[in-house]
Number of protein chains: 2
Amino acid sequence: MVGWHGAAGEPTVAAVGEFGLIEGLVRQLAEVPAPGVSLSVGIGDDTCAFLPTPGRELLATCDSLVEGRHFLPAFCSPEDVGRRAAAVNLSDVGAMGGQPRFALVSLGLRPETPVAAVEGLYRGLLAEFSPLGVAIAGGNCTAVAGACFVDVTLLGEVEVGRAVLRSGARPGDALLLTGHPGVGAAGLAALQSLGMGNPAPFPVLAGAYRHPRHRAREGRELGLSGRVHAMIDVSDGLLGDVGHLARAGGVGATVEVEALPRHPELLMAADRLGTAPLDWMLGASDDYELLFACAPGDVETLARRVSAVDGVPVTRIGRVEGEPGVWLADGEGGRHPATGGWDHFREPL
Amino acid sequence: MVGWHGAAGEPTVAAVGEFGLIEGLVRQLAEVPAPGVSLSVGIGDDTCAFLPTPGRELLATCDSLVEGRHFLPAFCSPEDVGRRAAAVNLSDVGAMGGQPRFALVSLGLRPETPVAAVEGLYRGLLAEFSPLGVAIAGGNCTAVAGACFVDVTLLGEVEVGRAVLRSGARPGDALLLTGHPGVGAAGLAALQSLGMGNPAPFPVLAGAYRHPRHRAREGRELGLSGRVHAMIDVSDGLLGDVGHLARAGGVGATVEVEALPRHPELLMAADRLGTAPLDWMLGASDDYELLFACAPGDVETLARRVSAVDGVPVTRIGRVEGEPGVWLADGEGGRHPATGGWDHFREPL
């Protein structure tokens, strides 16, 4: 992929050195002021410093991307990786109903990495952070011999006592999901089987893998509503995260398989690659959508409120059960433990 | 080094999986409660959450250690690495005069890493964090194929407007230093030349490399004094960080070479290895001591106050100049630009 390997003579991280690299990045950051951000000490001291907003709790999360594992340089440009590194963390703050504020960026770079690649990575970070008013407040660069890594810590805020936890789901609650599950996994599979193409054969899927969207704004809107009982971002695959939400609340959950939103490209790609769509939709997939539980009476209001943010669809995909466990419902009254997989559902789809 | 490679049959990270590993670490953390810590949301949700102390600013810093670069597994046990990862970040918060509060720990681990090694690493983190009341509030684990990494983000607090910056040094200020410069570099050199030994030939030096001390408590004391004009922790070597402090303040600095505290072991090791002591004392060395500037009239009070914390020596090593630049003074009225190195000083020592 163009971007990770520089042309001969292009400056590398080794050539400019750690301090030269940081100076350049600080200049790049200064060109994109984040609106409404008030750091009292910015990059260049031993730590950054800022004044927390009175009446709010601080939220903190970190997530790292490792080359070859969380991104494949053949498919993801440095800018894609920056966007992904920002998005996965924004997703976590959003899933608490919080407002993201400051990021710290820790990079592990091979000495031969072109400076332009690092600038691209930062462009990607800023492309996601700046529209949300998030400032990059500090970080760290180190040389690595093997795989590059990007570790982002994101700090956010939420009104005291209003963080939306994973643990609050109540029996009888409706389970809702933003977006389309499985597009990340389908995107990776399509890229690996069919390559990048020009144009890409499945642009939505490829984009979902290369630079996944986050729902931080939607999560914040849900947090502000005060009507969400529990929320989690889907980063381990839908069934996995339904299980996390259920276990955290000491409850169970049933997913209505026929209710799951199927993205048209996902169905086409499944057909072309000979894959069962549910393998992508229910199995491991980095989608960074929001899964949340609320009273059945709040479903329509909340769905409307979320979709009003940016047009993201919201689907009621199941319900919370009193009995611990995760089940798949088949639409004809049948219910199957999800632990056994979704083989029951393979034929009819 | 015992600790990084498990015996046959010992559980590995791959065997217990990410979630199994995290569950075990959460149990381990629960056994060491950090006093006075109040997380409103701990490990296990999308983010952690805590209530900042009213009237204080938040400080945030991150620093990563990469195997083979920041630690050599031949010399550093997993516990050593945990201690170092904590110390380098505590050092940064201390250098702002702040109080460390919460840490996030991001690990990149090879699948074959024994679970016991990760537990050892966490023991090391807790050994440094717990006495200061710092709680590990979240983190991330990922698999890597090559070098392991540990990236710690540390959050601290400081009274509003009281962070001690690098930039406040004034011409005429005294320059003070805690501890003994160069022991980290000397320790690495001694270990590389002479091995671990039993007993270690230079135990203080070896310890300074394997698990460097931080001066977070001393830095906090200096911050509370309100009499420190500028401060930085020495992580790039003494002359390098004198230069950082000077440049940040738009001033210069003279270091009195004869005033520098020489650790007896460092002198013995230099003799044995045929190295000039100043190469270690002035050059690159991860010492995590504090370098600070204050009015000449405050030197004695501050030195006494710092040493009262834990017995760490404080030495006046030079002065701040109005003219930008860094110089080495030779005690006979001579002054030499530091940029040319310290060859002038090699003979007489």
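None of the values given here were measured: they were computed from a predicted structure. Just so it is clear: chains get the letters A, B, ... in the order the sequence lines come, proteins before strands, and each one is counted from 1.
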Item to complete: State, without any angle test, whether B:Thr153 and A:Thr153 hold a side-chain donor-acceptor pair at a distance under 3.5 Å.
Response: yes
Worksheet item: Below 4.5 Å, heavy atoms only, C-beta onward: do A:Asp46 and B:Met231 meet side chain to side chain?
Response: no
Item to complete: Mind running side chain to side chain contact (heavy atoms under 4.5 Å, CB included) on B:Val66 and A:Phe149 for me, showing each step along the way?
Response: CA-CA 11 Å; B:Val66 176; A:Phe149 68 82; 4.0 Å; yes
Worksheet item: For A:Asp236, is it the side chain, the backbone, both, or neither that has a heavy atom closer than 4.5 Å to a heavy atom of chain B?
Response: side chain
Worksheet entry | CZ (A:Arg213) with more than 12 external heavy atoms under 6.0 Å | no
Fill in: Pairs of heavy atoms under 4.5 Å with chain B: top-ranked of A:Gly161, A:Ala95, A:Gly138, A:Ala145
A:Ala95
Discussion item. Give me the atom names and distance for the closest heavy-atom approach of B:Leu104 to A:Cys62.
Written reply: CB-SG, 4.0 Å
Worksheet item: What residue in B:Val158, B:Asp233, B:Asn89, B:Val164 has the most heavy-atom pairs under 4.5 Å with chain A?
Response: B:Asp233
Worksheet item: With a 4.5 angstrom heavy-atom cut-off, which part of B:Leu155 approaches chain A: side chain, backbone, both or neither?
Response: side chain
Worksheet item: Does the B:Asp45 side chain pair with the main chain of A:Arg166, one donor and one acceptor, at a distance under 3.5 Å?
Response: yes
Discussion item. Once rounded to the nearest 0.5 Å, what's the spacing between atom OG1 of A:Thr47 and atom CG of B:Leu59?
Written reply: 4.0 Å
Fill in: A:Phe19, part contacting chain B, at a heavy-atom distance under 4.5 Å
side chain
Response to the item:
The interface call for A:Val93 against chain B, heavy-atom contacts under 4.5 Å, is both
Worksheet, complete the sentence: When the 4.5 angstrom heavy-atom criterion is applied to B:Ala147 and chain A, the contacting part is neither
Worksheet entry | Any side-chain heavy-atom pair of B:Leu58 and A:Phe102 under 4.5 Å | no
Worksheet, complete the sentence: Note: A:Glu57 and B:Ala49 closest approach over all heavy atoms is OE2-CB, 4.1 Å
Worksheet, complete the sentence: The single option from B:Leu107, B:Asn140, B:Val144 that satisfies side chain to side chain contact (heavy atoms under 4.5 Å, CB included) with A:Ser64 is B:Asn140
Practice prompt. Compare every heavy atom of A:Leu51 with every heavy atom of B:Arg56, then report the nearest pair and how far apart it is.
Written response: O-CD1, 3.9 Å
Practice prompt. Under 4.5 Å, counting heavy-atom pairs only, tell me which of B:Ser235, B:Pro52, B:Ser40 racks up the most with chain A.
Written response: B:Pro52
Worksheet item: Can a donor-acceptor pair be found between the side chains of B:Asp151 and A:Ser106 at a distance below 3.5 Å?
Response: yes
Worksheet, complete the sentence: Turns out that what part of A:Ala60 lies under 4.5 Å from chain B's heavy atoms comes down to both
